[in-house]
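Notes follow the structure.
Protein chains get the first letters and strands the later ones, always in sequence-line order, with residue 1 at the start of each.
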Amino acid sequence: MFHLLEKRIQQAVSDYIKSHHGIEVPVALEQPKQSDFGELALPVAFQLARQLKQAPKAIATQLAANLGAIEGVSSLEVAGNGFLNVRLDRSVYAHGILTGAQAASTASVGKTIVEHTNINPNKAAHIGHVRNAILGDTFVRMLRAAGSQVEVQNYIDNTGVQVADVVVGFHYLEKKSPAEVQQLIDAGKFDYLCWDLYARTSRYYKDNPESISWRQETLHAIEAGAGVQAELAHLIADAIVQAHIATMLRLNVTYDVLPRESEILHLHFWATAFEQLKERKAIYFETEGKNNGCWVMPGSAFSDFKEDEDSKVIVRSNGTVTYVGKDIAYQLWKFGLLGRDFYYQPFPHPLGYDLWVTTDHPVVDKAPAFGRGSRVYNVIDSRQSYLQDVVVAGLKALGYERQAAASVHFSYEMVALTPGTCIELGIELSDEDKRRPYVEVSGRKGLGVKADDLIDTLIAKAAEEVDSRHPESGAAVNRRVAGQIAIGALRFFMLKFTRNAIIAFDLREALSFEGETGPYVQYAAVRAGNIWRKLAERGERIPDFAKELDAAAMGRQLADEGCWQLLLQASIVDVAIDRAITSGEPAHVAKYAFQVAQAFNTFYHEYPVLAEENAEKKVFLLWMTQYFRQQLERTLDVLGIAVPEYM
RNA sequence: GGGCGCGUAGCUCAGGUGGAUAGAGCAUUAGCCUUCUAAGCUAAGGGUCGCAGGUUCGAGUCCUGCCGCGCCUACCA
């Protein structure tokens, strides 16, 4: 409804300016800082002042006088030095909400691909991965809520160095056979085992530099797809992927397809991309200097900086392709530009939702059509922005300008640990690290907070709270509620920061359920539901809002300034989502969710709904309650947070 | 050296395309549970928006230069 009015006002004002002044200007609308300035403010007179050579106030006065009536707008007032403040017709507005009036969806056509999570399948997921997955998943939910078609991809690098290092750990250090590793997998917590083994292998390399040759041997074996190391790599990567998918499912994060590096290799995606890059002269063969014998992309392709810019190696002198090269091939495939496709099969473990994995040979008759996106978002941390620039430069060099422009590096800053949290978790720090504001999480060093540990801790804390408040409820139900609260807390915590804020992870703060947190918002939604439940318990009549609240009744009730402001706040979910999509900031939705919850809590204390004696007012308050609940639920759903049945 | 980012209340952070009196949470202090469950509400204190210039009717926001911090700048991913 808000959107609808915004559009109507913008149209009316821009039409007027065009016909009277012959100028086309984008009409900006903002929400005034103070509510007594009305619901919307137009600073358009300031924009016009220079061109018309008139004082802003004069222009605004003229506009207000001549604009004529706009449906749903009750008045236009000139304020300040030339603001045009808009007051909405409250009864029209509320009645519009009740009858479901909406602006037409402006969702873009074509498919949007969002790639996120992308964890190396060689160890347990940690909080840095959790931020990536929650950011990506929430962005997907935002796009879908706005009506876009979205495909979620989680890229699995199952043939890389990190997997190789764990293979080295099992094969060379632990001397385990594939059968023995399979036993370890079956025993459970395999991702935790690998977490430690990976750290141990990394340390071993450091202490025994010559052993790095094991990594090379292993990588060759994996690439050739032969030998015991290749077999181990398969076992390990598949088991860890399964663990990651399960962990992410706990967080309400799901995917459509898992494209794997092994298929990019086996199906020769790179060879195809390589031919294109050579043919279009996007890369060249270096014959001198430090990159002698490599295929490189010139630095000028991905940097504004002219002289002395380092070239980026795409193919090493030993003929193997770098990660960036493979990523260019993958990006081309996402846009349907590679001329090749994967084969697919259903994910081999039951999850409760449809998930597909790539294969290198036909397995099933029919699989969904993946790829061929018109827009691609890669959720990758900001440290990789240089590499993402190279990938986009690759597309540009191939002449795919449109796709290069539609490739978005959805970057975010890392999650680090405060020294205090490290000490609390028993992580030893160097004296240098102790002086830093935060310490970087490192899988290689085994330094970090594992996702499942954090979730378990949160659930335990939530369960304590729930059990003490609801000893009468069953243990199973309390357990489920505790889970929903824990995930609500974690998702909200990861989303409340804007993307380029470094999260200095503080355990106490993350475990908080008070103030600007997920549980605060959940609690507001639960409270709204409680009023409704109580109504039913008392056997009171459930009103028919559409019949009992006509425009006149809405007008009478909304003469109350407090109610009006609260209704207004609750009604702009779509505005918040749109703004968050445009700016690429899921944090805006989280912020909005918190504000609506605050508004509801104000309402809750200000207006005792069930005790209201005036019949019309009681019906109206019940409607407000229901509307708040509905809007809170919608907003939380976009954030991937459930509303518990009680709290 | 170069590229990118950050610097706003004691702490953690918000502050769409420059706009009206710079906000929130936490922490602190003082209140509110016989009420639709207090995971809540009300109120108070707390600011040289890193520093210095500039642009203009107007700058936390844009430009330039400094200062401090972080990340990147691999034939790792």
Side-chain angles (χ1 to χ4, degrees), chain A residues 26 28 30-34 37 41 43 46 49-50 55-56 79-83 85 118 120 157 160-162 215 261 290-296 303-305 308-310 312-318 320 322-324 326-327 381-387 389 411 413-414 416 418 436-438 440 444 462 465-466 469-470 485 489 496-498 500-504 506 508-509 512-517 519-520 522-524 526-535 538 578-580 582-583 585 587-588 590-591 594-595 598 601-602 604-611 621 625 646-647:
Chain A
E30 50 193 55
Q31 286 176 54
K33 287 189 175 160
Q34 278 174 283
F37 287 153
F46 296 105
R50 206 157 306 161
N81 289 326
F83 278 100
N85 289 341
N118 303 2
N120 274 303
D157 181 6
V161 173
Q162 295 214 17
R215 177 194 274 173
E261 180 146 285
K290 63 172 182 163
N291 293 333
N292 189 14
C294 299
W295 285 90
V296 302
S303 171
D304 297 334
F305 227 59
D308 293 340
E309 186 59 40
D310 275 349
K312 180 69 196 169
V313 172
I314 306 296
V315 178
R316 303 182 187 100
S317 54
N318 68 4
T320 58
T322 61
Y323 159 78
V324 192
K326 283 180 277 198
D327 222 27
D381 77 76
S382 63
R383 285 170 291 190
Q384 300 200 43
S385 60
Y386 167 72
L387 296 170
D389 289 346
S411 78
E413 276 291 349
M414 62 180 171
T418 60
R436 291 165 169 270
Y438 43 78
E440 191 174 347
R444 202 170 292 275
E465 297 276 339
V466 176
R469 283 157 212 254
H470 299 278
I485 292 169
K496 73 196 273 192
F497 304 93
T498 49
N500 53 12
I502 295 172
I503 299 183
D506 184 78
R508 215 182 49 239
E509 208 184 318
S512 167
F513 296 161
E514 286 166 19
E516 196 176 343
T517 66
Y520 176 94
Q522 289 173 310
Y523 189 56
V526 166
R527 281 177 135 182
N530 283 350
I531 294 175
W532 212 249
R533 198 199 56 220
K534 207 79 178 184
L535 187 78
R538 293 182 182 183
D578 271 8
R579 209 187 60 169
T582 310
S583 60
E585 284 291 2
H588 292 337
K591 181 68 82 182
F594 175 63
Q595 285 165 347
Q598 270 185 322
N601 278 325
T602 303
Y604 186 89
H605 285 270
E606 201 92 0
Y607 306 92
V609 179
L610 297 180
L621 292 177
T625 305
Y646 55 83
M647 276 179 83

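You'll find that the side chain of V466(A) is closest to A39(B), out of A24(B), C72(B), A39(B). Of the candidate nucleotides U37(B), A24(B), A77(B), A24(B) has the atom lying nearest to any side-chain atom of Q598(A). For Y386(A), counting side-chain heavy atoms from C-beta on, the closest listed nucleotide (A77(B), A39(B), U73(B)) is U73(B). Distance from the side chain of Y523(A) is smallest for U37(B) among the nucleotides A20(B), G70(B), U37(B). Considering only side-chain atoms of K290(A), the nucleotide from A74(B), A20(B), C41(B) that sits closest is A74(B).
Under the stacking definition used here (centres under 5.5 Å, planes under 30°), the residue F83(A) qualifies as stacked on the base of A20(B). By the 5.5 Å and 30° criteria, Y520(A) is not stacked with the base of G40(B).
Defined by atom type and a distance below 3.5 Å, a donor-acceptor pair is missing between the side-chain atoms of N530(A) and R527(A).
Nucleotides A22(B) and G18(B), compared at atom C1', are 15 Å apart to the nearest Å. Between the C1' atoms of U55(B) and U61(B), the separation comes to 14 Å (whole Å).
If you measure from atom OH of Y323(A) to atom C1' of A74(B), you get 14 Å, rounded to the nearest angstrom. Residue E509(A) contributes atom CD, which lies 9 Å from atom C1' of C11(B) at whole-angstrom precision. Rounded to whole angstrom, the span from the CZ atom of F497(A) across to the P atom of G15(B) amounts to 13 Å. In this structure, F594(A) atom CZ and U12(B) atom P are separated by 19 Å, rounded to whole Å. Look at CD on E514(A): it is 7 Å from P on A27(B), rounded to the nearest Å. The distance between atom CD of Q384(A) and atom C1' of C76(B), rounded to the nearest whole Å, is 11 Å. At whole-Å resolution of the value, NZ in K496(A) and P in G15(B) are 14 Å apart. R469(A) places its CZ atom 18 Å from the P atom of C33(B), with the value rounded to the nearest Å.
At least one side-chain nitrogen or oxygen of R316(A) sits closer than 4.0 Å to the OP1 or OP2 atom of A77(B). Using a 4.0 Å cut-off, no side-chain N or O of N601(A) falls inside it from OP1 or OP2 of G40(B). Neither OP1 nor OP2 of C69(B) sits under 4.0 Å from any side-chain N or O of Y438(A). Proximity of R538(A) to the phosphate of C36(B): a side-chain N or O atom is located under 4.0 Å from OP1 or OP2.
No hydrogens or angles were tested; on distance alone, a donor-acceptor pair under 3.5 Å links the side chain of H470(A) to the base of U37(B). Between the side chain of S317(A) and the base of C75(B) there is at least one donor-acceptor pair of N/O atoms closer than 3.5 Å.
With the 3.5 Å cutoff on both pairing distances, Watson-Crick and G-U pairs in RNA chain B assemble into runs of at least 3 at B:1-7 with B:67-73, B:10-13 with B:23-26, B:28-32 with B:40-44, B:50-54 with B:62-66.
Where E606(A) and G293(A) meet RNA chain B, the nucleotide closest to each residue was compared, and E606(A) sits on the side nearer the 5' end.
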